[in-house]
Amino acid sequence: MGKNIVEKILLEHLVEGELKKGTTAGIRIDRTLTQDSTGTMAYLQLEAMGIDRVKTKKSVAFIDHNMLQQGFENADDHKFIQTIANKYGIYFSKPGNGICHQVNLERFSVPGDTLLGSDSHTPTAGGVGMLAIGAGGLDVALAMAGEAYYIKVPQVIKVELSGKLNHMVSSKDIILEVLRRQTVKGGVGKVYEYAGEGLENLSVPQRATITNMGAELGATTSIFPSDEKTKEFFVAQDRLEDWKELLADEDANYDEVIKIDLDKLEPMVAAPHSPDNIRRCRDEGKIKIDQVAIGSCTNSSYEDLMKVSKILKGRKVADNVSLVIAPGSRQVMEMIARNGALGDIISSGARILENSCGPCIGMGQSPGTDAVSIRTFNRNFYGRSGTNSAQVYLSSPEVAAVSAIYGCLMDPRDADFEVDFDGIAVDNFLIDDSMIIAPSKDPDSVEIVRGPNIKPFPLNTALENSLDGKVIIKVEDNITTDHIMPSNAKLLPYRSNIPHLSKFCFSTIDEDFAERSLNNKGGFIIAGDNYGQGSSREHAALAPLYLGIKGVIAKSFARIHKANLINSGILPMEFEDLADFESIDQMDELFVEDIFDGIKSGRLKIKNKTKNKEFFVKAIFNQKEIDMLMAGGKLNSIKMKKD
Ligand code: F3S
């Protein structure tokens, strides 16, 4: 039986277990990436493990999230990451060099290798045929220390593309179509493997837009073959030595096949407030807009910005619109600066931001009150832009740029001007790696610089056989990590300062949560479906840990967040009978007993003392997870192993 690409990579990297669907297998990680927002904590964890140098083929620390330097905090954190990277054998991409996923794609991606990144859009590198997975910072720290990464062997879904995209329809519309069909929950436990003759006309940056936003499906990752198109990209990046062909076998097997005819796709948007709330632009109508933001790790490639510049050339941004543009990397910025495209963009009235995440993470450019913003980004969850009342639409660069000119949401095919995108492709990118700093060859001489914002990593205590505590908060379905631990510009500088950050835990839903939790010495969280969706943000587990939360009982969990809870020694449990969710109220007192036996059998009994009622929850874990929970988190369990 032939193999698909995912099976080929997994088999080559398997170090524990077998490739049996649904079971957990350990794989070797070749490469890692971190960004500053999750990286500070990952490096504190790496340090706590007591190794001398990273054991991966290559690890890279990027600075792209916390770029505002209104106080000392961000600058101090950048220095901390730079010095610790220098000492531990990690490459350092300086602030200003670009967004981690864009720079990684350009300069570090390798077909057939495994990549673990402490950012949920790490799957972007799947655009070149890398098995690239987003994880919590602790998992990435462990991978750097040479430990295996454990994944549930995924189902592999073949996405078969036929035909060719029409003018003004882009690869963003392909992933919006996948999201429309599969929803934000549809990808859990799956890898999406793209195939078909439709690939012939998709460049690597276009493919990377698709794998990037595949994260919104809740998928483990997404991947493309490494073919002649991929080879072209590596040649143009002057990295042919890193390229190798990687194709699925003709008779490869898949768990499911999705077919998309590219000829039939139309420009679409994800309407507020979810990336799967998909509408055709023409159906949505010409809504008046206030802001357009182009950039992010989804759509900030050279190709994207060249299309934008061609649309804007000789035209002006509408009076009612603020158009902001952040190129994805210094390579992109410098190339459009040198070829004149940046001049066309500036002349249209666009505002140019630095090469970083910027507005995607609410780091500046929050929309005004009740404003409508069109963004080429990947997420439009409620409040993510920094403005709770804003209406954020996600679109392709073509839709965004044409809408900026008209001042309203537009199907770009309805514009009264013609734009020709021919000649955009380049066969050599501008190569200058001078903002990527290689680690020291003499690590003993490197001193790690720690500012006052770097606080120790919070550690849990060993699990007890019974837990007694109040329901500190009860929340509904689809709670995101943004709800649990908001990540706005004011809070981002405190990612390495959990005591300060935890004061804002759940603050967009319930301002008193942190105080109530501390006053009650912690307790439980009750949640609906898909709890913790959205990002790999480890802080969404670390802040509750600091506040004393012992367990979360949900209808279901998002994959990465569940893993982060276990890593932190917080017990994730799922309602056996969903109706029990209704019978619990905030501040009810819960009692869980016989936990040690229960987590082995996969079932726990919980007594609601306030309602004098009992119910059962699923508590299904593999042996490693049980060990972690028993020890009070992953770091404690690794330390125990070493002692
Ligand atoms: Fe940055 Fe937004 Fe991507 S925060 S890494 S541009 S999802």
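We count ligands from 1, going down the list as the structure has it; atoms in each ligand are counted the same way. Model, not experiment: these values are computed from the prediction.
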Is there an N/O/S atom in Cys100 at a distance below 2.8 Å from atom 3 (Fe) of ligand 1? no
Examine the side chains of Thr124 and His121 and answer whether a donor and an acceptor come within less than 3.5 Å of each other. no
Report, in ascending order of atom number, the atoms of ligand 1 lying under 4.0 Å from any heavy atom of [X].
{"X": "Ile361", "value": "4 (S)"}
{"X": "Cys297", "value": "3 (Fe), 5 (S), 6 (S), 7 (S)"}
{"X": "Asn378", "value": "7 (S)"}
{"X": "Cys360", "value": "2 (Fe), 4 (S), 6 (S), 7 (S)"}
{"X": "His101", "value": "5 (S)"}

Report the relative orientation of the aromatic rings in His500 and Tyr494; use parallel for angles under 30°, tilted for 30 to 60°, perpendicular for over 60°. tilted
Over 60° means perpendicular and under 30° means parallel, so classify the ring planes of Tyr302 and Phe429, tilted if in between. perpendicular
Taking N, O or S atoms only and a limit of 2.8 Å, check whether His121 reaches atom 2 (Fe) of ligand 1.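 It does not; every qualifying atom lies at 2.8 Å or beyond.
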Looking at Lys94, I'd like to know if its NZ atom is crowded, meaning that more than 12 non-hydrogen atoms belonging to other residues, nucleotides or ligands lie closer than 6.0 Å. no
Does the ring center of His561 lie less than 6.0 Å from the ring center of Tyr531? yes
